[in-house]
Amino acid sequence: MAQVEAERELCLENTQPLREGLAVTGLQLSHQEGSCHAAIQQQRQAFELELRMYTGDDPLDIWDRYLKWTLKTYPQGSKESSLTAMLERAVQLFAHDKKYYDDPRYINLWINLAQNSMEPLEMFSYMQANGIGLTRADLYITWAEEFEKHGNFQKADAIFHEGLECRAQPMDKLQQYHNGFQARVAHQALSATEEEPEPARTSMVDLRPRGRKKAVAPVNRTEAAGHSRRLNLQLPRRSTRNIQKNPILGFNENQADSLQAAQLKLEPWMAPPSSRANENQVMPEQLADVKIPQKSWCSASSVTVPASRLNFQPFVEEGDQTPSVSACKIDPAVNTVLSDRPPPSKEESALEEGGGGGVKEQSMYLKELLLNGAVELSIEELRAEHYFARKRQEIEETIQQQRQAKERLRQQIDEKQRLLQLQQSQQRPQLSQQEVTGTDSMQITECRSGTVLPSSQPNAMAFQIFDEGSQSGSAHGSGNPIPCEKDMCPDDVFLPAGDRGLCFKTPYPFPGGSIPHSERTLSKNFPERTESLNEEVVSGHKNKTLCSSPEDTQDFVKAAKMASSPYHAMGQRAVSPNAGILTKEPSITPQLDSDGRKKLSPIQEASLEAWGSMASGPTSASSVCTNSGGKAVHHLCRLKESHAEPHPEAMDQNSPCIQPVIEDPCSVRVRQQLLDQVDLSSFSNFYSEDGPLPMAEEDGVLILGNDTFATYSKMDYENFSIYAGQGGGDVAIKLESTAVPWDFYIGSQLRERLARDSQAPVHDAGRCFLFQDGCVTVHKASQQSTLREVAEESFEEIVASLAMQTVELVRLMHSCHLIHGALSPDTLVMNRRYDEPMDEIGAAVALDFSCSVDLELQPEVTAAHILPAAQNFITKDLLAPSASPYQVDLLGIAETVHTLLKKRPMRLVKEDSVWTLEEYQEAHPSDRSDAFWSKFFRTVLNPGDRPSVSVLTELLEDMKKSTFACYGA
Amino acid sequence: MSLFGTSTGFGAGGFGAATTDTHNPMKDVEVTSPPDDSISCLAFSPPAMPGNFLIGGSWANDVRCWEVQDNGQTVPKAQQMHTGPVLDVCWSEDGSKVFTASCDKTAKMWDLNSNQAIQIAQHDAPIRTVHWIKAPNYNCIMTGSWDKTLKFWDTRSPNPMMSLQLPERCYCADVVYPMAVVASAERGLIVYQLENQPSEFRRIDSPLKHQHRCIAIFKDKQNKPAGFALGSIEGRVAIHYINPPNPAKDNFTFKCHRSNGTNTTTPQDIYAVNAISFHPVHGTLATVGSDGRFSFWDKDARTKLKTSEQLDQPITACSFNNNGNIFAYASSYDWSKVTFCLVPHVMIVHIQITFVVKFPSNVALGTCAPANSSQIVWV
């Protein structure tokens, strides 16, 4: 620690102070070079590209920000900052535009350039001569400070006066600095008079006359200052002494001469003085400077310039080189064209060397664009950036369009709603309600037929543990449908990526299996990349195999024939892919399905027995077979079965399990019994009606009690469906065909139990309408899209926010002794519209509690294995059968968030008894996203024996602290 | 006339003045099914493979493979996609794999036998170059990126075998074992030796005054890398030997891809040199430029051998096949002229690839009987 501190101090020593103070980030960045290097590079690149992509009318703004960024990021002014190059470039760029000459930002660029140059004073003089910044106080202040630094107080004072004369803005600032300066000078003068130092020459050199430079004292008249272009700063010490002697005004005999000298040198500045010394440029003056003392001091030894001074290869422009032509390697007698010195007439064919003076040249590429920054860019870099900018723009546009479409729909619905209510109030006396509904729904259908919201597909994705051994098997298990043949695009004659079998063989064919092997190991390490590629390609070109099986030579020949005549054999090829695809993959599937039972892992068999103990034989077998179809399907169909024909007797009879047999706590019968104990009618917002469940349809109207709801897009689930609707705000309407209002019960319990704690947020249980043969639950849903839909086009940061909402929901439920049981991105909605800002992460809204368990009401649920939702996890060894039932939800969170994040099922890997996701197995710690998610999943997947509420509370705190998640969306 | 000529005003260079169809003035063989956006790189299959296969990477994010038959017919074979523009491709030396580098910051290995592509490299910025290195004691992939690193990858590991810091962003590179050379932004030039393991050999002051754009290593009579040709963005190529007996004499630069070379009254138009390729047998070199021409040069005799007619679009990439009797070049829109702040999103680009199948006999220098066998031009 102490060492780090010491290092830091060392670094700070070299840090240049900034007027506005140093940014802490910059200081830190400059210390941890390694880790933040990439970030700095990216920022710099962003600036560079912005400079080139800018289309507005104030390009100076970018330069200004770039300068500030550079100063803060490289407080030590390292070479890497390329500050000088940037400043030079910037000032040149705007030099032709007089409108910037009084722009404080432009002046700031100049001042920074001057301060970073070898001769700041010359730079200031240049500025003045060109009328740059004459009205800006900053120029005079820095200029005067520069003089002061050199000890030339008179000159400094003159600069101040000049600034005041020009009424440089801001005047008061200039005045203030001037006063400060005068105070300093006066103070110094006073202290100087107190202990006047003995006048002593410190060096002999200064008195020596040197060429024309006779004038030794600086110019000190105010009017002279304005005209003097070159300032003799050779003698700062002497001038200081002069002032010390005559603190107020020192008239000097030399002055007249110097003024003359200065005026003689008055010449127009053709270009600003160079700000940096070129390393390999010979400076003639300096050379002379050295030479003279050499002669006089050591005249005896040598007259020549010391070798060390010239011991370098001066850089000579190519054009200046005498064209040295290589040795003649060809006999000119044989061929004149190839002679080393071609005759002038054949100049074109010979490779001329050197620049060839006199010819005007013009670059036929975007030179300005490539060089218009502190660092040069290549054409490809610009083009790539343009490509990415376009990509970003496209995404934004799509989002924008969707928002607009949504807004339009909303307006339409509002309008229809109003119309409907109006109509109802008018026609109620005359017409029966049924008819009204009929006509209205017709109208709504009509007006919406053009713009129907895309309904999301029901989620059937299962949780899948990645199996290295069987790639194809896992592809099927994931529930993805086998890519079906699509009509071929006649243009595309390429064998698309992802299809096996290319139609030529290499002389060194790899032994079978070697490639899949490397793919396996790699796909583990780059999972999402490989995945995305395959998906992309599969969706782009489907199954256009030329050669179905690379091992089959007959096929190979056939395919090669077809491939070599791409435009003639279209018809045949359109047929062949089907065969090619069917050979491999589907053959595995039926096999798996038919004797799936035999191939089950021991654990699955154990759970199978558990099933068998609970339900009748045939049903259990079928339920296991559908296992791969997805968790939701799995337990929901069980739910149905148990509802249809409960077999309590059978359960008791053949139970080889050690554990006591408990009836499925989620079965309808159990729930019915439970709810009989509860007086539901005492809950608010509970309405019981005698009639049958009303019919609902997409783009229709649903009348429940006294409320009317417009329904539009519908999502079907296994035994219920959810409509997005409108009626006193956006709602989600869930229709079930069982007359057990379990959702509402759980929702109400959540509300009541949360209300016990004054700190806890208020939960809205929604409204429930119970019918004879069904039940309707209406939830407020300010965000119509499910989490899956939101995540579909969102960045990871938004998914992080969704994850936090999900965690919060589960945390609240667990704190109320409720288990959700079936978290899914399709039955959760956000608690607010995602473009609304929020201060606090709320809980996501669950639209479905059909697998939920109330542990206060069902104390018999003590272990996870009792829950149907847990079976899938137990099969995969993720969950011990005896684990706390709450842990089911933790795994549910993992599954849900992973689906949101990666759009595919989880692939889990067990490492030292810790479950991790395959893609975060070797997460890069410096990648914020990786670090964030890796920690998230690790926590959720490995809760250990800790109570889930504390796990979730901690997790949520951690997530909130992380800079990665932004809740503002 | 393509849209290109009218929309960007290439008139000064003479592009717009063309009245006839100038996208293929030499009537070379055109490759069927070109990609939808500019070609960024071309590579012919190595000698180990029978037949000629051409790989082309494009700005439309795809990499395509064509078979070039002896009669000049081209047959599209397969393609792979990246999620960003493809900037470079190379072959493994046995021809079974193709490596691709992309703006999506990844490099992929495309196994042609199985037509599977997997990621083999990852950088923090787009990858500009990819090269296959076959050394006696190791094989690896070298990737150079705009993130200022040069990385070496074993294709089976997600972590690089070695990562070398570059002074600037990598702009172009070439590898001929045991030598690699990287040219970077701000005119950086570094030579690496690859024996035992890659290591920096020498940094060279650039012989050119403008931005580096393309580089190619040439071999000496013993078939060992001897030096490199470096092309700049301002119509000039430098021939640079690594260990020349006489540096001042042996190293030289020459102008190319410029308009009206002798006319001094009008300004000379200078175009970028987009690619350099050495003939695998004769050691002569081809350069292609944004002026829409390709030229062949003899660096030893210091003469220009042939210049093509002018195409209506810049030539962005070129490649010789393994025995040097096919020369492929891609003419496509190369971004060098567009003021892209003003250009709409969708760019319609006219692209084709043309083959000089009858190339050797085309260059009618068969009469010369060089004194030195290494100086045979086109037989």
Side-chain angles (χ1 to χ4, degrees), chain A residues 38 53 55 318 324 326 329-331 334-335 337-338 348-353 358-366 375-376 378-381 383-384 386-387 390 493-497 499-503 506-510 515 518-519 521-522 525-526 529-530 533 536-537 550 563-564 566, chain B residues 13 33 48-49 64 75-81 85 87 94-96 103 106 111-119 124 126 146 156 158 171 185-186 211 233-234 248-250 252-255 261 264 267-272 290 300-304 335-336 340-341 345 368-372:
Chain A
M53 310 277 284
T55 51
E318 284 168 55
S324 61
S326 73
K329 290 176 183 164
I330 303 159
D331 187 359
V334 179
N335 190 328
V337 181
L338 294 174
E348 272 177 80
S349 69
L351 311 186
E352 327 94 283
E353 288 178 47
V359 183
K360 274 192 208 157
E361 297 174 339
Q362 85 184 40
S363 306
M364 297 304 286
Y365 62 94
L366 294 169
V375 293
E376 65 176 10
S378 68
I379 294 170
E380 282 76 21
E381 279 171 291
R383 187 169 180 181
H386 190 259
Y387 170 86
R390 212 173 59 199
V493 290
F494 285 91
L495 181 66
D499 275 4
R500 284 183 59 84
L502 199 61
C503 303
T506 57
Y508 307 113
F510 273 66
I515 285 118
S518 69
E519 184 193 23
T521 45
L522 273 160
N525 297 317
F526 297 112
R529 302 274 178 185
T530 329
L533 170 85
E536 194 176 86
V537 170
S564 49
Chain B
S33 302
M49 269 182 94
R64 300 190 175 202
V75 184
K77 283 291 179 184
Q79 73 167 9
Q80 281 288 339
M81 297 292 290
L87 297 179
D94 65 358
S96 65
C103 279
T106 67
D111 182 74
L112 293 174
N113 290 314
S114 65
N115 196 22
Q116 299 287 319
I118 51 169
Q119 185 184 349
D124 298 331
W146 292 336
R156 289 155 301 188
Y171 275 177
E186 309 292 347
Q211 189 178 97
I233 198 153
E234 293 229 339
K249 271 180 138 183
D250 294 343
F252 65 100
T253 71
F254 62 90
K255 292 189 217 167
T264 50
Q268 192 179 45
D269 297 336
I270 305 177
Y271 297 89
S290 289
D300 301 319
R302 303 195 182 191
T303 51
K304 182 194 276 184
W335 213 252
S336 62
F340 57 89
C341 305
H345 309 311
C368 81
N372 189 317

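What's counted below: heavy atoms across the whole structure, side chains too, no hydrogens, waters or symmetry copies. Chain A is the first sequence line, chain B the second, and so forth, proteins listed ahead of strands; every chain is numbered from 1.
Under the 4.5 Å side-chain criterion, counting only non-hydrogen atoms from C-beta, B:Tyr171 is in contact with A:Glu381.
Here the closest non-hydrogen pair linking A:Ile379 and B:Gln211 is N-OE1, 4.3 Å. The two atoms that bring A:Glu376 and B:Glu186 nearest to each other are OE2-N, 2.6 Å, heavy atoms only.
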